[in-house]
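Because only heavy atoms are used, hydrogens play no part in the values below, and waters and symmetry mates are left out as well, while side chains stay in. All values reported here derive from a predicted model rather than from experimental measurement. For ligands, and for the atoms within them, numbers begin at 1 and follow the listed sequence.
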Amino acid sequence: MSSATMSLPSPSEIKEKLQTLYTQEQIDEQVSRVAKEILNDYKDTDGLFAVPVLKGAFMFAADLLKKLDSITIETEFIRVSSYGTSTKSSGSITAHNITLPDLTDKDVLIIEDIVDTGRTADWLLKFFTNMCGARSVKLASLFDKPCRRLENLKEIKPDYSCFEVDDKFIIGYGLDYQQQFRQLPYIAYVDNL
Ligand code: IMP
Ligand code: MG
């Protein structure tokens, strides 16, 4: 059977097989490290504009932004999707009702959950660079999965990243499997998913 016709396990089947990849403590350590890098890079900026990307980045963004409390930040959420309910990217990006203020003289920091094929990151970076007139655009991602990057998007790399992972489908701390498990406070994976 081809992978396109194989049926995926249900979330309740998955639940039994979750293995911890990173604990809450390990996540906190890496988020703190990235927060320090961002604080250092943006210490002289008066116009930092954070854009957490819903839904997957909600938990990472909340923890990261709390650690950036010593600088002035304007925050606006956007929602884009590229996954349906499967574990493979659908190939097209859907942006939902994006309304943003004028970003002239703003330094945009996109906050993502994971850079996988690179399609979403590529779309977001182009959108903020070409359409919104921002002064600078950078990307902070909880995960980077470089082994999955499309051949033509090899140059896409987060400016800040907490963890690099190999070809595993990961779940928890905002990341979902069929819209479930986002609430897990740790990161898990399932073998052979
Ligand atoms: P892209 O393929 O780089 O465009 O990634 C698109 C989106 O797919 C990410 O922002 C995630 O929301 C989702 N995604 C990619 N890999 C995983 C994963 O391992 N677990 C959960 N979601 C993922
Ligand atoms: Mg995402």
Side-chain angles (χ1 to χ4, degrees), residues 3-4 6 8-15 17-23 26-27 30-31 34 50-64 76-98 108-129 137-193:
S3 61
M6 260 189 321
L8 287 160
S10 69
S12 50
E13 287 168 305
I14 290 285
K15 206 173 167 187
K17 297 180 189 158
L18 289 180
Q19 307 198 44
T20 302
L21 184 61
Y22 293 114
T23 63
Q26 288 171 312
I27 297 168
Q30 292 307 310
V31 176
V34 163
V51 186
V53 182
L54 299 173
K55 304 171 191 174
F58 83 99
M59 220 180 261
F60 171 47
D63 285 347
L64 179 68
E76 190 60 72
F77 296 83
I78 62 167
R79 191 175 148 216
V80 298
S81 35
S82 67
Y83 268 73
T85 51
S86 76
T87 59
K88 297 283 177 245
S89 174
S90 67
S92 63
I93 313 292
T94 309
H96 306 266
N97 302 323
I98 297 187
V108 170
L109 180 66
I110 301 164
I111 306 178
E112 253 288 33
D113 52 358
I114 186 164
V115 181
D116 185 42
T117 63
R119 282 194 193 100
T120 311
D122 180 53
W123 189 91
L124 287 165
L125 289 165
K126 284 192 178 128
F127 178 77
F128 282 97
T129 305
V137 183
K138 284 191 177 184
L139 172 66
S141 183
L142 177 64
F143 284 102
D144 185 13
K145 226 194 255 183
C147 63
R148 291 254 311 149
R149 207 75 89 246
L150 294 177
E151 203 50 49
N152 61 330
L153 296 176
K154 291 280 188 216
E155 82 286 3
I156 299 285
K157 191 160 178 47
D159 299 282
Y160 309 96
S161 146
C162 294
F163 303 99
E164 201 167 284
V165 276
D166 53 18
D167 196 2
K168 285 186 171 66
F169 192 78
I170 51 186
I171 296 166
Y173 195 68
L175 292 106
D176 73 305
Y177 175 71
Q178 298 188 1
Q179 299 300 335
Q180 296 197 30
F181 307 112
R182 292 190 195 275
Q183 84 283 11
L184 298 182
Y186 58 93
I187 305 281
Y189 71 101
V190 179
D191 261 337
N192 304 318
L193 184 61

**Prompt:** Taking atom types as modelled and ignoring hydrogens, do the side chains of Gln180 and Lys15 form a donor-acceptor contact shorter than 3.5 angstrom?
**Reply:** no
**Item:** Per-atom contacts, ligand 1 versus Lys168 - under 4.0 Å to a heavy atom
**Value:** 19 (O)
**Prompt:** Of Phe60, Tyr186, Phe163, Tyr173, which meets ring pair (Phe, Tyr, Trp, His ring centres under 6.0 Å) against Tyr22?
**Reply:** Phe163
**Request:** Under 4.0 Å from a heavy atom of Asp113: give me the atoms of ligand 1 that qualify, with their elements.
**Result:** 9 (C), 10 (O), 11 (C), 12 (O)
**Message:** Can you name the atoms of ligand 1, numbered from 1 with element, that are less than 4.0 Å from a heavy atom of Thr120?
**Reply:** 1 (P), 4 (O), 5 (O), 6 (C)
**Prompt:** Does some non-hydrogen atom of Lys145 fall short of 4.0 Å from ligand 1?
**Reply:** yes
**Asked** Counting only heavy atoms not in Phe77, do more than 12 fall under 6.0 Å of its CZ?
**Response** no
**Request:** Say whether Ile170, considering both its backbone and side-chain N or O atoms, lies within less than 3.5 Å of an N or O atom on ligand 1.
**Result:** yes
**Item:** Atoms in ligand 1 flagged as close to Arg119, the criterion being non-hydrogen separation under 4.0 Å
**Value:** 3 (O), 4 (O)
**Request:** Return the minimal non-hydrogen interatomic distance between Thr117 and Leu153, and the atom names on each side.
**Result:** O-CD1, 3.8 Å
**Fill in**
On a heavy-atom basis, the closest approach of Met59 and Leu184 is SD-O, 4.0 Å
**Item:** Atom indices of ligand 1, in the order listed, that fall short of 4.0 Å to a heavy atom of Thr117
**Value:** 1 (P), 2 (O), 3 (O), 4 (O)
**Message:** Any atom of ligand 1 sitting under 4.0 Å from a heavy atom of Gly118?
**Reply:** yes
**Request:** Looking only at non-hydrogen atoms, find the nearest pair between Pro9 and Ile14 and report the distance.
**Result:** CG-CD1, 3.9 Å
**Asked** Any non-hydrogen atom of Lys55 lying under 4.0 Å from ligand 1?
**Response** no
**Message:** Let's go through Ile111 and Val53 carefully: what are the C-alpha distance in whole Å and the side-chain angles of both, what is the deciding distance for side-chain contact (heavy atoms from CB on, under 4.5 Å) to 0.1 Å, and is it a yes or a no?
**Reply:** CA-CA 6 Å; Ile111 306 178; Val53 182; over 6 Å; no
**Request:** Run the numbers for me: atoms of ligand 1, each under 4.0 Å from some heavy atom of Glu112, listed by number.
**Result:** 10 (O)
**Asked** If we only count N/O pairs under 3.5 Å, is Asp176 in contact with ligand 1?
**Response** no
**Request:** Any atoms of ligand 1 less than 4.0 Å from a non-hydrogen atom of Leu175? List them with their elements.
**Result:** 20 (N), 21 (C), 22 (N)
**Item:** Arg149 with Asp144: basic N within carboxylate O range, under 4.0 Å
**Value:** yes
